[in-house]
Amino acid sequence: MPNMKETLAQKVEEHRKRTSRLINEHGDVEIGKVTIAQTIGGMRGIKALVTDISYLDPYEGIRFRGFTIPEVMETLPKPAGAEMPYVEGFFYLLLTGEIPTEAEVQEVIEEFRNRKQVPQYVFDLLRTMPRDTHPMTMFSSAVLAMQRDSVFAQAYAEGQANKNNYWEYMYEDSLNLLAKLPTIAAYIYRMKYKDDTPIESDPNLDFGADFAHMMGVDAPYDDVMRMYFILHSDHESGNVSAHATHLVASALSDAYYSLSAGLNGLAGPLHGLANQEVLKWLQELLANMGGSAPTEEELKQFCWDTLNNGQVIPGYGHAVLRKTDPRYMAQREFALKHLPDDELFKVVSMLYDIVPDILVEQGKAKNPWPNVDAHSGVIQWYYGVKEYDFYTVMFGVGRALGVLANITWARALGYPIERPKSVTTDMLEEMAGIK
Ligand code: CMX
């Protein structure tokens with residue numbers, strides 16, 4: 001049975017022919033036009049990136065390697081008694097495009113087990129940082145610090161790496177990194193919020209279960225985290241964390257530099273930090289109600305107050321999606337099953353009925369529906385992880401699965417350094433015929 005790397009190598013070989021053919025024989029085919037609004041407006045909708053790992057349809061939502069979220073949850077192998085699939089098997093799917101067998105998943109688990117030892121200097125570094133440092137700063141710094149161990153950087157410096165084998169070093173770095181991320185994230189959590197009482201990794205547990213164990217939270221939190229990591233993994237290449245990772249990697253920076261850059265982008269309130277913002281906002285809302293359950297009218301008023309204050313309603317809207325995020329729906333289904341009577345979940349459900357109409361009435365947001373961040377914090381809160389400024393770190397662990405698979409493929413297909421062209425405002429005015 002070929003292992004994950006051998007399977008990937010075969011896929012890479014086949015795929016390279018498709019990419020070369022497109023560039024060499026059809027490189028001049030036009031696939032779109034660019035307007036002034038797109039150039040000024042964050043490049044929305046410009047088709048300028050290629051990825052086969054996930055595709056985001058505005059109305060259907062995300063597909064991972066062609067599979068919808070329910071199909072992923074249904075099809076991938078699961079640990080005995082678990083509702084959610086192994087994260088390792090999901091990573092196999094992202095990387096190779098194939099649904100792994102149980103034996104193939106076990107091999108990936110073994111790969112991660114062999115690579116999960118976090119160097120002591122990472123813990124030392126984290127301990128030197130002021131404890132009130134944002135956990136995303138700690139997480140990103142830890143990833144960056146491990147750059148000294150990059151096998152790509154070393155091979156490149158020693159002249160061993162060439163365009164044909166770059167991806168193999170990127171693959172090694174990506175696996176080395178991924179295997180360590182749950183331990184680093186949980187260490188930050190226990191150090192910062194749980195009186196500095198880190199819990200050792202259990203080598204017999206899978207990615208999701210070991211993270212839950214190191215967080216010190218009982219089942220079914222292992223399933224919560226398998227679901228969480230899978231749902232947050234990938235959302236095409238144009239979102240800030242994926243694109244930042246890809247952009248930095250395009251300069252032949254290694255996986256450590258690249259992922260750290262992506263995490264820094266994820267830490268922005270319009271992106272990953274929104275899940276922290278949602279919980280903060282919900283807590284303010286409840287505090288405003290004096291702790292009692294809010295009525296529909298009170299919720300509407302709070303939403304309008306937020307908007308009239310010039311703030312966004314966190315967890316709602318999206319740059320690409322034009323319907324309720326299926327990642328929101330997957331978490332809602334989980335909540336309906338496991339925490340239907342939770343007070344916070346009830347408020348979140350009420351907001352789902354109220355906010356879209358308000359955003360439509362306000363008339364600004366192109367998508368009034370909830371995104372993934374509107375729901376993830378509520379489930380964490382229910383299971384006792386109430387330190388909401390930690391939530392984006394967990395998003396980052398999940399996002400690493402997608403972006404590291406992507407930059408491994410980008411290296412394999414020889415995607416070049418990114419360098420879009422800029423224009424001046426004068427030029428745009430001339431093109432618009434107003435100058
Ligand atoms: N509440 C209030 N106003 C919103 C809004 C929301 N939830 N979503 C969009 N708008 C506003 C925008 O701020 C913008 O206003 P201005 O014209 O005054 O600048 C206008 O509607 C048009 O924006 P858009 O084209 O619909 O949205 P963008 O593609 O520019 O931005 C996003 C997308 C997600 C940043 C935006 O919807 C937003 O800020 N949402 C709240 C934050 C959030 O939930 N982010 C998480 C997204 C998922 C993730 O990456 O994790």
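Keep in mind it's a predicted model, so treat the numbers as computed, not measured. Indexing begins at 1, ligand by ligand and atom by atom, following the structure's order. Computed from heavy atoms alone, side chains included, the values below leave out hydrogens, waters and symmetry copies.
A donor and an acceptor atom, one from each side chain of Tyr92 and Glu98, are nowhere located under 3.5 Å apart. Using a 3.5 Å distance cut-off with no hydrogens or angles, the side chains of Gln380 and Tyr221 do pair a donor with an acceptor. Under 3.5 Å, the side chains of Tyr187 and Arg127 contain a donor-acceptor pair of N or O atoms. Between the side chains of Asp149 and Tyr121, at least one donor-acceptor pair of N or O atoms lies under 3.5 Å. Remark: the His338 side chain and the Glu83 side chain contain an N/O donor-acceptor pair separated by less than 3.5 Å. Looking at Asn367 and Arg322, their side chains never bring a donor and an acceptor atom within 3.5 Å of each other.
With Asp325, Leu270, Val355 as candidates, the residue nearest to atom 45 (N) of ligand 1 on a non-hydrogen basis is Leu270.
At the shortest separation from atom 33 (C) of ligand 1 among protein heavy atoms lies Ala319 N, 3.7 Å. For atom 25 (O) of ligand 1, the closest non-hydrogen atom on the protein side is Lys366 NZ, 2.8 Å. The nearest protein atom to atom 15 (O) of ligand 1, hydrogens excluded, is given as Lys364 CE, 3.4 Å; this is a heavy-atom distance. Scanning all protein heavy atoms for the shortest distance to atom 36 (C) of ligand 1 gives Tyr316 O, 4.4 Å. Protein heavy atom nearest atom 3 (N) of ligand 1, with residue, atom name and distance: Val312 CG1, 3.9 Å. Atom 50 (O) of ligand 1 has as its closest protein heavy atom His271 ND1, 2.6 Å. Looking from atom 27 (O) of ligand 1 to the surrounding protein, the closest heavy atom is His318 O, 4.5 Å. Considering only non-hydrogen protein atoms, atom 48 (C) of ligand 1 sits nearest to Asp373 OD2, 3.4 Å.
Of the residues listed (Asn239, Thr392, Asp234, Thr245), the one engaging Arg399 in a side-chain hydrogen bond (donor to acceptor under 3.5 Å, both in side chains) is Asn239, and it is the only one.
Looking at heavy atoms from C-beta onward, Trp281 lies in side-chain contact with Thr306 at the 4.5 angstrom threshold. A 4.5 Å side-chain heavy-atom check between Asp254 and Tyr169 finds every atom pair outside the cut-off. Side-chain contact between Asn176 and Phe112 is absent, with no heavy-atom pair separated by less than 4.5 Å.
Note that atom 20 (C) of ligand 1 has protein non-hydrogen atoms nearby, at separations under 4.0 angstrom. Distance check on atom 23 (O) of ligand 1: every protein heavy atom falls at or beyond the 4.0 Å cut-off. Under the 4.0 Å distance rule, the nearest protein heavy atom to atom 8 (N) of ligand 1 falls inside the cut-off. There is a protein heavy atom less than 4.0 angstrom from atom 29 (O) of ligand 1.
Residues satisfying the side-chain hydrogen bond (donor to acceptor under 3.5 Å, both in side chains) test with Asp173, not counting sequence neighbours, are Ser150.
With a 4.0 Å heavy-atom cut-off, ligand 1 is reached by no atom of His235. Proximity of Asn275 to ligand 1, defined as any heavy-atom pair under 4.0 Å, is not found for any part of the residue. Residue Leu307 touches ligand 1 through its side chain alone, judged by heavy-atom distances below 4.0 Å.
At a 3.5 angstrom cut-off on N or O pairs, Gly315 counts as close to ligand 1. Here's the thing with Ile313: one of its N/O atoms is less than 3.5 angstrom from an N/O atom of ligand 1. The shortest N or O to N or O distance between Ala365 and ligand 1 is under 3.5 Å. In terms of polar-atom proximity, Gln362 is not counted as a contact of ligand 1, lacking any N or O under 3.5 Å from an N or O of the ligand.
Assignment of Glu277 to the shell around ligand 1 is not supported, since no heavy atom sits closer than 4.0 Å. The shortest separation from a heavy atom of Val240 to ligand 1 is not under 4.0 Å, leaving the residue out of contact.
Below 4.0 Å from some heavy atom of Ala274 lie the following atoms of ligand 1, by number and element: 43 (C), 44 (O), 45 (N), 46 (C). Close contacts between ligand 1 and Phe395 involve ligand atoms 51 (O) [criterion: under 4.0 Å to a heavy atom]. Atoms of ligand 1 lying under 4.0 Å from any heavy atom of Leu359, numbered from 1 in the order shown and given with element: 1 (N), 2 (C). Contact atoms of ligand 1 toward Arg44: 28 (P), 29 (O), 30 (O) (distance under 4.0 Å to a heavy atom of the residue).
For an aromatic pair to be called close, the ring centres must be under 6.0 Å apart, and Tyr86 with Phe207 fails this. Ring centroid separation for the pair His243 and His271 does not come in under the 6.0 Å cut-off.
Ring planes of Tyr228 and His232: parallel class, angle under 30° (limits at 30 and 60°).
Judged by distance alone, with hydrogens and angles left aside, the side-chain atoms of His246 form no donor-acceptor pair with the main-chain N or O of Ala242 at under 3.5 Å.
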